[in-house]
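These numbers come from a predicted model, not from an experiment. Throughout, residue positions are numbered sequentially from 1 according to the sequence presented.
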Amino acid sequence: MTTTTPTVVLIHGAFADAASWSGVIAELQGHGIPVVAPPNPLRGLASDAAYVASVAAQIDGPVILVGHSYGGALITVAGTTENVVGLVYVAAYALEEGESLGELQGRFPLSPLVSNLKEWTYPVPGGDPAVEVTIAEDAFPSVFAADVPADVTKILAAAQRPLAAAAFEETAAAAAWKTKPSWALIAGADEAINPEVERFGAKRAGATIVELEGASHAVAVSRPQEVADLIRDAVRATS
């Protein structure tokens, strides 16, 4: 237990950016909780987790890492950082050590996301171009943000940040939930990650679980208060 309020570090997932946390940030700041929402590079599990770990390590005092979607895989690895005192998974992947996103997903029926990915390439210094993926724009509303107003969803679809395809095959170097307390929010109507994948990972991690019926993958956008409430539970428990 710490005597200072932990800083909440919000890690967005693929096909989104830190602005997707705006409503959650406002809720947490309104309760006097310090928040940082850094950009997630989305270039690969090991390198992205190292970046998240470096952000956490440079913050004075305790940190709670919050990961949405692919961000959950990153906090699983980065959460071993010494000053991290808790993990919060928001419609996210909670990997086991040595497990990849592809492996965890492969145990359950695939979500509609998988058949609606669009491939792009990006240059890699001194090598062949690498592949990255976004969600096909016409499928984005139903797959990612079915409970978000259409005008907002249109902007989110246009502003997607692609994920390096290689990230699906990389394995987690550690599973911080084995030594740190965790909380998990399951988005009951998620079409991007099968909710069964979220439930399985959260139960395996021994997380305190909250399930939101009818919530889409973009639950931090559509239901920021409930997401912030779970994060506040984690802050209270570790303060």
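- In terms of heavy-atom proximity, A37 sits nearest to A18 at O-CB, 3.4 Å.
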Candidate pair E191 and F144, rule side-chain contact (heavy atoms from CB on, under 4.5 Å), full reasoning: CA-CA 7 Å; E191 296 284 321; F144 198 87; over 6 Å; no
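- Rounded to the nearest 0.5 Å, atoms CG (L65) and OH (Y89) are 9.0 Å apart.
- Residues Y70 and D48 bring a donor and an acceptor atom of their side chains to less than 3.5 Å of each other.
- Rounded to the nearest 0.5 angstrom, E96 CD and T76 OG1 are separated by 9.5 Å.
- At least one side-chain heavy atom of Q29 sits less than 4.5 Å from a side-chain heavy atom of V35.
- Hydrophobic clustering (ILVMFWY, side-chain heavy atoms < 4.5 Å, transitive): V88 and I75 are in distinct clusters.
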Residues L212, R223; criterion side-chain contact (heavy atoms from CB on, under 4.5 Å); working and verdict: CA-CA 9 Å; L212 294 187; R223 298 170 74 168; 3.9 Å; yes
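- Criterion: ILVMFWY side-chain heavy atoms under 4.5 Å apart, direct or through other members. Under it, W183 and V66 are part of a common hydrophobic cluster.
- Criterion: ILVMFWY side-chain heavy atoms under 4.5 Å apart, direct or through other members. Under it, V227 and I186 are not part of a common hydrophobic cluster.
- If you check the side chains of S111 and N194, you find no donor sitting under 3.5 Å from an acceptor.
- Summarising the geometry of A49 relative to A78, their closest heavy-atom pair is O-CB, 3.5 Å, with the distance given to 0.1 Å.
- Counting only distance, with no hydrogens or angles, the side chain of S216 and the backbone of A218 share a donor-acceptor pair below 3.5 Å.
- Under the side-chain contact (heavy atoms from CB on, under 4.5 Å) rule, F15 has a single partner from V143, I135, L156, which is I135.
- Side chain of D17 to main chain of Q160: no donor-acceptor pair is present (N/O by atom type, distance under 3.5 Å, no hydrogens or angles).
- Tracing side-chain contacts under 4.5 Å through hydrophobic residues (I, L, V, M, F, W, Y), one never reaches I209 starting from I64; they form parts of separate clusters.
- The side-chain heavy atoms of D233 and T208, taken from C-beta on, include no pair separated by under 4.5 Å.
- Note that CG of L10 is 11.5 Å distant from NE2 of H68, once rounded to the nearest 0.5 Å.
- Between P6 and S239 the shortest side-chain heavy-atom distance falls below 4.5 Å.
- Listed here is the closest heavy atom pair of A228 and L28: O-CD2, 4.0 Å.
- Under a 3.5 Å cut-off, the side chain of K180 and the backbone N or O of V84 do form a donor-acceptor pair.
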Audit row: E198, Y93, side-chain hydrogen bond (donor to acceptor under 3.5 Å, both in side chains) steps and yes/no: CA-CA 6 Å; E198 298 171 18; Y93 297 102; over 6 Å; no
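- Between D151 and K154, no side-chain nitrogen of the basic residue sits less than 4.0 Å from a carboxylate oxygen of the acidic one, so the salt-bridge criterion is not met.
- Here the closest non-hydrogen pair linking P62 and T4 is CD-OG1, 3.4 Å.
- Residues N40 and L74 have side chains in contact (heavy-atom distance under 4.5 Å, counting atoms from C-beta outward).
- Side chains of L163 and F168 form a contact here, defined as non-hydrogen atoms less than 4.5 Å apart.
- In this structure, R43 forms no cation-pi arrangement with Y51, as its terminal cationic atom is not both closer than 6.0 Å to the ring centre and no more than 45° off the ring axis.
- Formation of a donor-acceptor pair under 3.5 Å by the S100 side chain with backbone atoms of E103 is found in this model.
- Side chain of N116 to backbone of A136: no donor-acceptor contact under 3.5 angstrom is found.
- Between the side chain of T121 and the backbone N or O of A130, no donor-acceptor pair lies under 3.5 Å.
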L104 vs V197, side-chain contact (heavy atoms from CB on, under 4.5 Å): CA-CA, chis, key distance, verdict: CA-CA 7 Å; L104 175 55; V197 173; 3.8 Å; yes
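- Annotation: the span from T171 atom OG1 to L95 atom CG amounts to 9.0 Å, rounded to 0.5 Å.
- Looking at residues two or more places apart in sequence or on another chain, you find no side-chain hydrogen bond (donor to acceptor under 3.5 Å, both in side chains) involving E137.
- Linking Ile, Leu, Val, Met, Phe, Trp and Tyr whenever their side-chain heavy atoms come within less than 4.5 Å leaves I231 and W177 in two separate clusters.
- Of the candidates D190, V24, V90, V90 is the only one forming a side-chain contact (heavy atoms from CB on, under 4.5 Å) with V219.
- Heavy atoms from other residues, nucleotides or ligands lying under 6.0 Å from NZ of K178 number more than 12.
- A salt bridge links R107 with E99: the closest approach of a Lys/Arg side-chain nitrogen to an acidic carboxylate oxygen falls below 4.0 angstrom.
- Closest approach of A91 and H217 over heavy atoms only: O-CE1, 3.4 Å.
- Closest approach of A92 and G67 over heavy atoms only: CB-O, 3.4 Å.
- A distance of 10.0 Å separates CD of E27 from CD1 of I33, quoted to the nearest 0.5 Å.
- Atom CG of L87 is separated from atom OG of S182 by 6.0 Å, given to the nearest 0.5 angstrom.
- Here the side chains of H12 and S69 are not in contact, with every heavy-atom distance at 4.5 Å or above.
- Ring centroids of F200 and F108 are separated by less than 6.0 Å, placing the two rings close together.
- In terms of modelled atom types and a separation under 3.5 Å, the side chain of S20 and the main chain of A16 share no donor-acceptor contact.
- Between the side chain of E169 and the backbone N or O of A166, no donor-acceptor pair lies under 3.5 Å.
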